Amino acid sequence: MKHFINLKDISATDLRKIILNAKKRKQKRKNLNVLDADKDSPLKGKLLIQMFEKSSLRTRLSFYLAIKQLGGGALTLRPDELHLAKGGESLADTAKVLSTYGNGFMLRTDNDEKLEEFKKYINIPVINGLSPSSHPTQVLSDIFTVEEIKRKPISKLNISWIGDCNNVLNSLIAASVKFSFNLTVGCPKKYKPKKFVLDWVKKNKKKIYIFNDARKAVKNADVIFADKVVSLNDKVNKTKKIKDFKNFKINSKLMSFAKKDVIFLHCLPRGSEVTDEVFLGKQSKVWQQALNRIYVQKSILLYCFGKLR
Ligand code: CP
Ligand code: NVA
């Protein structure tokens, strides 16, 4: 059974297959309505159960549409509707029941261990729809978007990340190893990537470049990524953290230090880390990026359901 919990645990070959499949499927359904199923309906009759312990707009909708377009259906649960949240039922029993009712389980959680626990007891694929340590479905979709726009393999591009070293960056770092691309990070010194992430990079004989000067970090960039300074799972003094990042705001001046045809990407939702001028400007591809989540989720589901061809 194939879970989709962390990019680092999935082979580069499979990740590449997912991207290729997404590209083919996106091209094939150009004239279809959003709820029309792909002609082959490969997941006909299958049910994806999804549960969100944290807010979500894109992940929720894109998985719903992804399984629909593959011919199946989705059921979205709120944790407060289950006995599990109130301690009335164990995770192990919940997992067993999910396995008998559904064919896949997507979880957005505030606890990485919960994903591992579900994996232990469940008999259907588990997908990580964002956890404190990673956001793998987002980043795989972002690789797809970068290659779609730049019409080149990402291994030939310079990618810069400006901002907090959070779950999305952790997955981007894992992707930089799997897809062999050049990754530069710009963040204040005390917010650099966690040691366990850097150790993993080292173990995989990869190097990422970290600067505490945003201008240096975007030099020669083909793509600039950003994300909120304060994430869903952050238990910090928000005002202080935002202040700490004041020199890492993405504005037109900063964009001018990158390549001329640089694009701006942001997983959304946004905070004050980027100006409207950049976010709503020509170089920004954030809406295309958000929409592509559907196409990549579909191929992630096919991978998990053993139907990726
Ligand atoms: N980017 C992303 O995961 O968005 P949501 O939190 O709205 O799902
Ligand atoms: N880093 C952000 C991503 C939101 C999609 C968060 O975890 O809140």
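Predicted, not measured: the structure shown is a model, and the values here were computed from it. Each ligand, and each atom within it, is numbered from 1 in the order the structure gives.
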- Item | Residue that, paired with His266, satisfies side-chain hydrogen bond (donor to acceptor under 3.5 Å, both in side chains) out of Glu273, Lys228, Gln289 |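 Result: among Glu273, Lys228, Gln289, Glu273 is the only option passing the side-chain hydrogen bond (donor to acceptor under 3.5 Å, both in side chains) with His266.
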- Query: In this structure, which one of Asn166, Asp112, Asn167, Asn128 forms a side-chain hydrogen bond (donor to acceptor under 3.5 Å, both in side chains) with Ser134?
  - Reply: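 That would be Asn128; it is the only one of Asn166, Asp112, Asn167, Asn128 passing the side-chain hydrogen bond (donor to acceptor under 3.5 Å, both in side chains) with Ser134.
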- For the pair Tyr303 and Phe4, name the ring-plane relationship: parallel under 30°, tilted 30 to 60°, perpendicular over 60°.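 Ring orientation of Tyr303 relative to Phe4: perpendicular.
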- Task: Mind telling me whether Phe245 and Phe248 have parallel, tilted or perpendicular rings, with 30° and 60° as the class edges?
- Result: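 Perpendicular: the ring planes of Phe248 and Phe245 meet at over 60°.
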- Query: Looking only at heavy atoms of Leu130, does any of them come nearer than 4.0 Å to an atom of ligand 1?
  - Reply: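 Flag not set, Leu130 not near ligand 1.
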Hey, which atoms in ligand 1 end up nearer than 4.0 Å to a heavy atom of [X]?
| X | value |
| --- | --- |
| His135 | 2 (C), 3 (O) |
| Arg293 | 1 (N), 2 (C), 3 (O) |
| Leu268 | 1 (N), 2 (C), 4 (O) |
| Gln138 | 1 (N), 2 (C), 3 (O) |
| Cys267 | 1 (N) |

Of all the non-hydrogen atoms in the protein, which one sits nearest to [atom], and at what distance?
| atom | value |
| --- | --- |
| atom 7 (O) of ligand 1 | Leu57 N, 2.6 Å |
| atom 6 (C) of ligand 2 | Ser231 OG, 3.2 Å |
| atom 6 (O) of ligand 1 | Arg108 NH1, 2.8 Å |
| atom 4 (O) of ligand 1 | Arg58 NE, 2.9 Å |
| atom 7 (O) of ligand 2 | Asn167 ND2, 2.8 Å |

- Message: Distance under 4.0 Å to a non-hydrogen atom of Asn166: what atoms of ligand 2 satisfy this?
- Response: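 Matching atoms, with element in brackets: 1 (N).
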- Task: Give the atoms of ligand 2, by number and element, whose distance to some non-hydrogen atom of Leu130 is under 4.0 Å.
- Result: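 Matching atoms, with element in brackets: 3 (C), 4 (C), 5 (C), 7 (O).
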- Any idea which part of Thr59 is under 4.0 Å from ligand 2, heavy-atom wise: side chain, backbone, both or neither?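 Within the 4.0 Å criterion, Thr59 makes no contact with ligand 2.
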- Message: Please classify the Leu232 to ligand 2 contact at 4.0 Å (heavy-atom distances, strictly less than): side chain, backbone, both or neither.
- Response: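 Both of them.
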- Item | Ion pair Lys156/Asp222, N-O distance below 4.0 Å |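 Asp222 and Lys156: not salt-bridged.
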- Message: Is there a path of hydrophobic side-chain contacts, each under 4.5 Å between heavy atoms, that joins Val185 and Leu7?
- Response: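 Yes, it is one cluster - the side chains of Val185 and Leu7 are joined through contacts under 4.5 Å.
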- Message: Does Glu89 have more than 12 heavy atoms from other residues, nucleotides or ligands lying within 6.0 Å of its CD?
- Response: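 It does: Glu89 CD has more than 12 such atoms within range.
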- Message: Against ligand 2, does Leu268 come closer than 4.0 Å with any heavy atom?
- Response: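 Heavy atoms of Leu268 do come under 4.0 Å of ligand 2.
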- Message: Can you see whether Phe279 has Arg270 sitting over its ring - NZ or CZ less than 6.0 Å from the centre and within 45° of the normal?
- Response: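 Yes; both conditions hold, so Arg270 lies above the ring face of Phe279.
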- Is there any N or O on Asp227 that sits under 3.5 Å from an N or O of ligand 2?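 Among all N and O atoms of Asp227, at least one is under 3.5 Å from an N or O of ligand 2.
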- Message: Do Asn292 and Glu148 pair up side chain to side chain, a donor and an acceptor below 3.5 Å, judged on atom types alone?
- Response: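 Judged by distance alone, the side chains do pair up.
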- Query: Between the side chains of Asn170 and Ser133, is a donor N or O closer than 3.5 angstrom to an acceptor N or O?
  - Reply: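 Looking only at side-chain atoms, Ser133 and Asn170 do not form any donor-acceptor pair under 3.5 Å.
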- Item | Listed partners of Lys114 passing side chain to side chain donor-acceptor pair (under 3.5 Å), at least two apart |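 Testing Lys114 for side chain to side chain donor-acceptor pair (under 3.5 Å), a comparison that skips the adjacent residues, returns Glu53.
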